[in-house]
Amino acid sequence: MSEVTLENIVSLCKRRGIIYPNSEIYGGIGGFYDYGPVGVEMKNNLKRYWWKNIVDKRENVVGIDGTIITHPKVWEASGHIENFGDEVVECKKCHQRFRPEDISGVCPKCGGKEFTEPRSYNLLFETEVGVIEDAKVKAYLRGEACQTIYLDFKNVVDSTRQQIPLGIAQIGKAFRNEVTPGKLTFRSREFEQWDLQFFVHPKEMEKWFEYWKEERMKFYKELYRKPENLRFRQHPKDKLVFYAKDAYDVEYLAPWGWAENEGIHWRSDYDLTQHSKYSGKDLSYVDPTSGEKYIPWIVETSGGVDRTLLMILFDGYEEEKMENGETRTVLKIHKDIAAYRAAVFPLVSNKPEIVNKAREIFDTLADDIKVIWDSRGNIGKRYRYQDEIGTPYCITVDYETLENGTVTVRDRDSMKQVRVKTEDLEEYIS
Ligand code: GAP
């Protein structure tokens with residue numbers, strides 16, 4: 001068993017096509033990352049896993065997909081223009097900027113010891129909308145994805161048969177011009193969030209806040225392999241925003257310490273009240289049964305997709321000594337998140353009957369399950385590769401397959417092999 005390091009994961013991600021630094025041939029650009037062929041499958045699986053849990057399985061949650069650029073007034077109403085900052089200090093020697101909590105009197109870049117006084121710095125990315133130079137309007141890339149949910153709240157209520165309590169879910173990009181991006185995708189400048197905004201009657205706020213707090217921890221405990229590495233961190237009362245009565249972070253024990261994975265926030269009626277005020281449109285809700293009119297309160301659960309994927313990699317990574325004395329690197333990640341459910345190998349690549357049978361199996365499985373093909377090199381190397389990307393099963397078609405219609409299925413975690421009839425294969429691996 002090994003203690004995973006950030007370097008282990010950075011190296012694995014690059015080596016196996018999970019995550020690459022963006023614009024690498026130009027020297028990279030701080031805080032921007034691309035997902036490679038394996039990473040994109042994992043990330044899509046992870047988003048589907050969340051969507052299934054939050055939207056598909058619940059009668060009172062619906063989804064939306066909003067835009068990245070919105071009317072600029074949204075960010076005045078939300079408070080982001082005035083108040084979405086970090087404090088920065090500048091090293092007087094190399095002029096690099098840092099958050100005060102990231103330095104302890106010494107510049108991490110040049111070793112300088114003199115800094116400017118802390119200044120506040122807004123994290124919103126600005127852009128311009130419009131084609132005529134003089135008439136361009138300043139706009140912002142959304143600093144948090146959830147604002148679009150508030151903007152669509154009335155549309156959702158008016159266009160569906162939903163009633164409060166009602167959840168609106170969204171997975172989408174957010175942008176923050178972070179002062180110190182770092183730790184791979186943990187703090188990046190372009191990232192994805194999964195948000196559930198759950199709209200409730202004010203009298204039921206306490207109940208739903210507790211409900212979602214428990215639900216979200218349960219979600220992460222089922223997703224990660226080591227639930228003991230999860231905990232809640234309650235925000236200190238004196239650090240809460242004025243409208244919040246309570247807030248918790250779900251934290252995971254990353255190689256550098258406890259790290260925020262998701263926030264569960266008590267937003268009261270703040271968001272809909274602000275948008276009512278700034279837009280001039282009444283966003284209150286009328287209960288269809290009682291006729292009561294009120295501004296719904298909101299329980300927010302807001303997590304990072306990229307962060308969760310990164311923590312899944314920390315959680316699943318092992319370097320294990322095998323019986324033959326060699327070490328294997330294996331990603332013991334949740335089977336539903338793995339890029340491929342199974343790999344299909346012909347034992348040898350120069351026997352057409354075996355290759356054709358393997359192709360037939362691959363094609364049949366590929367109709368329903370994500371599978372990967374590999375006929376290159378020896379079986380040992382193929383296993384090592386699949387272990388490193390976390391493929392739960394490796395299916396080998398060999399001479400015996402031609403005789404009795406069974407294949408070898410090797411399990412990623414135990415490395416045990418069993419023979420399975422080809423007609424039972426799909427059920428076995430799914
Ligand atoms: N709407 C509430 C909100 O945005 P947040 O705590 O600022 O709350 C929610 O962000 C989640 O988004 C965090 O728990 C984290 O997982 C993710 N996140 C925030 N900033 C991030 C960054 N710079 N890079 C990657 N993920 C980030």
Side-chain angles (χ1 to χ4, degrees), residues 6 19 22 29-35 43 46-47 50 64 66 68 70 74-75 77-80 83-86 99 102 121-125 140-151 153 167-198 212-213 216-217 219-220 223-224 230-235 239-241 243-244 246-252 254 258-268 270-272 274-275 298-314:
L6 179 60
I19 300 168
N22 173 270
I29 169 166
F32 294 90
Y33 289 92
D34 294 341
Y35 286 83
K43 194 174 175 194
L46 181 58
K47 290 193 275 186
W50 182 88
I64 63 156
I68 282 161
T70 61
V74 170
W75 305 99
S78 67
H80 282 72
N83 210 1
F84 188 48
D86 245 349
R99 299 188 310 163
D102 291 340
Y121 161 91
N122 195 296
L123 301 184
L124 282 180
F125 274 102
Y140 305 90
L141 307 190
R142 60 186 181 191
E144 57 176 7
C146 64
Q147 290 297 327
T148 12
I149 297 182
Y150 313 137
L151 303 180
F153 168 72
I168 305 181
Q170 181 184 228
I171 299 178
K173 292 245 177 174
F175 299 80
R176 295 181 189 177
N177 201 1
E178 296 282 359
V179 184
T180 45
K183 302 192 173 78
L184 199 60
T185 51
F186 181 77
R187 187 176 295 115
S188 41
R189 289 180 165 138
E190 173 173 344
F191 55 95
E192 265 183 293
Q193 292 183 312
W194 51 40
D195 280 301
L196 169 70
Q197 306 294 319
F198 201 76
W212 281 109
K213 190 180 143 220
R216 296 307 296 146
M217 183 56 98
F219 172 91
Y220 285 108
L223 179 62
Y224 292 125
L230 279 162
R231 72 170 190 192
F232 275 126
R233 186 184 70 86
Q234 188 174 20
H235 291 208
K239 290 277 190 311
L240 292 173
V241 280
Y243 53 83
D246 213 349
Y248 287 84
D249 288 343
V250 176
E251 292 188 329
Y252 185 82
W258 290 99
E260 179 189 333
N261 195 154
E262 168 158 327
I264 294 130
H265 304 132
W266 178 297
R267 297 190 75 121
S268 70
Y270 176 74
D271 305 286
L272 293 181
Q274 284 295 99
H275 287 302
I298 296 173
V299 181
E300 170 183 69
T301 73
S302 177
V305 182
D306 312 81
R307 252 186 213 188
T308 306
L309 185 52
L310 180 62
M311 291 175 188
I312 286 174
L313 299 179
F314 293 142

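Ligands are counted one by one from 1 in listed order, and the atoms in each one are counted from 1 as well.
Between F186 and ligand 1, at least one N/O pair is under 3.5 Å apart. Distances between N or O atoms of C146 and those of ligand 1 include no value under 3.5 Å. Considering backbone and side-chain atoms together, E144 places an N or O closer than 3.5 Å to an N or O of ligand 1.
Here the heavy atom of the protein found nearest to atom 7 (O) of ligand 1 is R176 NH1, 2.8 Å. Of all protein heavy atoms, the one closest to atom 11 (C) of ligand 1 is S302 O, 3.6 Å. The single protein non-hydrogen atom nearest to atom 14 (O) of ligand 1 is E260 OE2, 2.5 Å, given as residue, atom name and distance. The protein non-hydrogen atom at the shortest distance from atom 17 (C) of ligand 1 is G304 CA, 3.7 Å. Of the protein's non-hydrogen atoms, the one nearest atom 8 (O) of ligand 1 is H265 CE1, 3.8 Å. For atom 18 (N) of ligand 1, the nearest non-hydrogen atom of the protein is F191 CE1, 3.6 Å. The protein heavy-atom contact nearest to atom 15 (C) of ligand 1 is R307 NH1, 3.4 Å. Distance from atom 24 (N) of ligand 1 to its nearest protein heavy atom, with residue and atom name: S188 N, 3.0 Å.
For Y35 and D306, the side-chain atoms include at least one donor-acceptor pair closer than 3.5 Å. No hydrogens or angles considered: nothing links the side chains of D195 and T301 as a donor-acceptor pair under 3.5 Å. Residues E262 and Y220 bring a donor and an acceptor atom of their side chains to less than 3.5 Å of each other.
Using a 4.0 Å cut-off between heavy atoms, T185 contacts ligand 1 through its backbone alone, with no side-chain atom that close. The part of E300 lying near ligand 1 is the side chain, judged by heavy-atom distances below 4.0 Å. Looking at D249 against ligand 1, nothing comes within 4.0 Å, counting heavy atoms. The residue K183 has no part lying near ligand 1, judged by heavy-atom distances below 4.0 Å.
Residue-ligand proximity, R267 to ligand 1, at heavy-atom distances under 4.0 Å covers atoms 1 (N), 2 (C). When each atom of ligand 1 is checked for a heavy atom of E262 under 4.0 Å away, the hits are 14 (O). Under a 4.0 Å criterion applied to the non-hydrogen atoms of N261, ligand 1 contributes the atoms 14 (O), 16 (O). Atoms of ligand 1 found under 4.0 Å from any heavy atom of E178, numbered from 1 in the order shown, are 22 (C), 23 (N).
At a threshold of 4.0 Å, the pair R231-E251 counts as salt-bridged, since one of the basic side-chain nitrogens sits closer than that to a carboxylate oxygen. The pair K43-E192 counts as a salt bridge, with a side-chain nitrogen and a carboxylate oxygen less than 4.0 angstrom apart.
The closest approach between a heavy atom of D306 and any atom of ligand 1 is not below 4.0 Å.
The shortest distance between side-chain heavy atoms of E190 and R176 does not fall below 4.5 Å. For the pair T148 and R142, the minimum side-chain heavy-atom distance is below 4.5 Å. At a threshold of 4.5 Å between non-hydrogen side-chain atoms, the residues H275 and V74 count as touching.
Remark: R267 is not positioned above the aromatic ring of Y270, lacking an NZ or CZ atom under 6.0 angstrom from the ring centre and at most 45 degrees off the axis.
With ring centers used as reference points, Y140 lies 6.0 Å or more from F125.
Ring geometry for W194 against W50 counts as parallel: the plane angle stays under 30°, on a 0 to 90° scale with 60° as the upper cut.
F232 pairs by the ring-ring contact (aromatic ring centres under 6.0 Å, His included) definition with Y248, not counting sequence neighbours.
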